[in-house]
Structures are given as structure tokens and as C-alpha cells.
Amino acid sequence: MTRSLSAGFEFWRDLFTFSGAAGRLVFWRVLIFGAFATAVWQIEIATETSIAVDLTPYEVVGAALSLLLVLRTNAGYDRWWEARKLWGGIVNQSRDLAVAALAYGPADRAWREQVVRWTIAFAHATRRSLRDERVAPELVSLLGPAQAG
């Protein structure tokens with residue numbers, strides 16, 4: 001019971017925290033459009049007239065737009081999932097390479113350490129390259145400044 005109450009408080013805390021990028025971008029727009037809608041509603045009540053718009057074209061366009069958005073979202077998720085599987089494969093193959101090198105390679109401690117460091121460096125360099133980042137400080141700590149450059 002304590003855990004569910006704690007989760008409930010965390011939900012409300014996260015709901016009213018504007019630390020995320022989307023909350024900061026959307027808050028003022030929602031506030032302005034909400035004030036505009038309230039003003040239109042008050043004018044309609046005060047003048048006792050009906051501001052009516054035929055909704056049929058908007059319903060059709062809304063349905064088409066929703067289908068388009070669903071298809072685009074699914075395509076984006078499929079690309080993300082494929083990239084996640086490929087990255088998992090890179091990590092698994094790097095680990096398998098290090099294990100095989102340690103199992104079948106020479107017993108020289110320096111050689112073993114160097115193979116493991118270069119295998120780890122490959123994964124880090126691949127990650128940085130895929131993100132178009134040219135600076136990789138973790139490579140300096142793994143390989144040293146001479147080999148990382």
C-alpha cells in the first residue's frame with residue numbers, strides 16, 4: 001500500500017514539474033489558446049448567439065491526419081527498434097570477441113588487457129560516430145592520448 005501511495009505522489013509531482021523540454025515549449029501556447037477559447041465562449045454566452053461551424057470537413061481531415069500520424073509513429077518506432085537490435089548485436093559481438101580473445105589468445109597479461117580495451121573502445125567509437133560526435137573522451141581513458149587521437 002505504501003508503494004502505491006508513493007507512486008501516486010511521484011505521478012503528481014512529475015505532472016506539475018516543468019523540467020522536461022515539451023512542458024516548457026507547450027505551456028504558454030496552451031495557456032494562450034485556453035484564454036482565447038474562454039473569451040470566445042464568454043462572448044457567445046453574453047450575446048446569446050450561436051457560433052456554429054460545420055464539422056464534417058474537419059472530421060474527415062482529422063481522421064485522415066490521425067491515420068497519417070499513426071503510420072508515421074509506427075514507422076519511427078520500427079526504425080528505433082531496428083537500431084536498438086543492431087546496437088545490441090554490436091555490444092554482444094564485442095563481448096563475444098573479447099571472451100574468445102581471452103580464451104584462445106596468448107597468456108600475456110598486457111596483450112589481454114589491450115585486446116579488451118580496444119574492443120571496448122570500438123563500441124564507444126561506433127556510438128560516437130553514429131551520433132556524429134567527433135570528440136570521445138572515454139577513448140583517451142581507455143587507450144591513452146597517443147592511440148585515441
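For clarity, every value in this text was computed on a predicted model and none was experimentally measured.
Among residue pairs with one or both ends in residues 109-146, none qualify as ring-ring contact (aromatic ring centres under 6.0 Å, His included); sequence neighbours excluded.
Through chains of ILVMFWY side-chain contacts below 4.5 Å, W80 is grouped with Y77, W81.
At a threshold of 4.0 Å, the pair E82-K85 counts as salt-bridged, since one of the basic side-chain nitrogens sits closer than that to a carboxylate oxygen. Salt bridge present: R128 and E138 bring a charged side-chain N and a carboxylate O closer than 4.0 Å.
Counting non-hydrogen atoms of neighbouring residues, nucleotides and ligands closer than 6.0 angstrom, the CH2 atom of W87 exceeds 12 such neighbours.
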Verdict with supporting geometry, T126 and I90, side-chain contact (heavy atoms from CB on, under 4.5 Å): CA-CA 9 Å; T126 304; I90 288 172; 4.1 Å; yes
For the pair Q114 and Q147, evaluate side-chain contact (heavy atoms from CB on, under 4.5 Å) and give the outcome as yes or no after the intermediate values. CA-CA 11 Å; Q114 186 178 16; Q147 292 180 332; 4.1 Å; yes
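Closest approach of S94 and T119 over heavy atoms only: O-CG2, 3.1 Å. Contact between V115 and A101 at its shortest, heavy atoms only, is CG1-CB, 3.4 Å. Nearest heavy atoms, L143 versus A121: CD1-CB, 3.7 Å. Residues L139 and A125 come closest through the heavy atom pair CD1-CB, 4.2 Å.
The CD atom of Q42 lies 5.0 Å from the CD1 atom of I45; values are rounded to the nearest 0.5 Å. Note: I43 CD1 to E48 CD = 14.5 Å, rounded to the nearest 0.5 Å.
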Could you pull out every donor-acceptor pair under 3.5 Å between side chains of residues 61-70 and any protein atom, sequence neighbours left out?
{"unit_1": "S66", "atom_1": "OG", "unit_2": "G62", "atom_2": "O", "d": "3.3"}
{"unit_1": "S66", "atom_1": "OG", "unit_2": "A63", "atom_2": "O", "d": "2.7"}

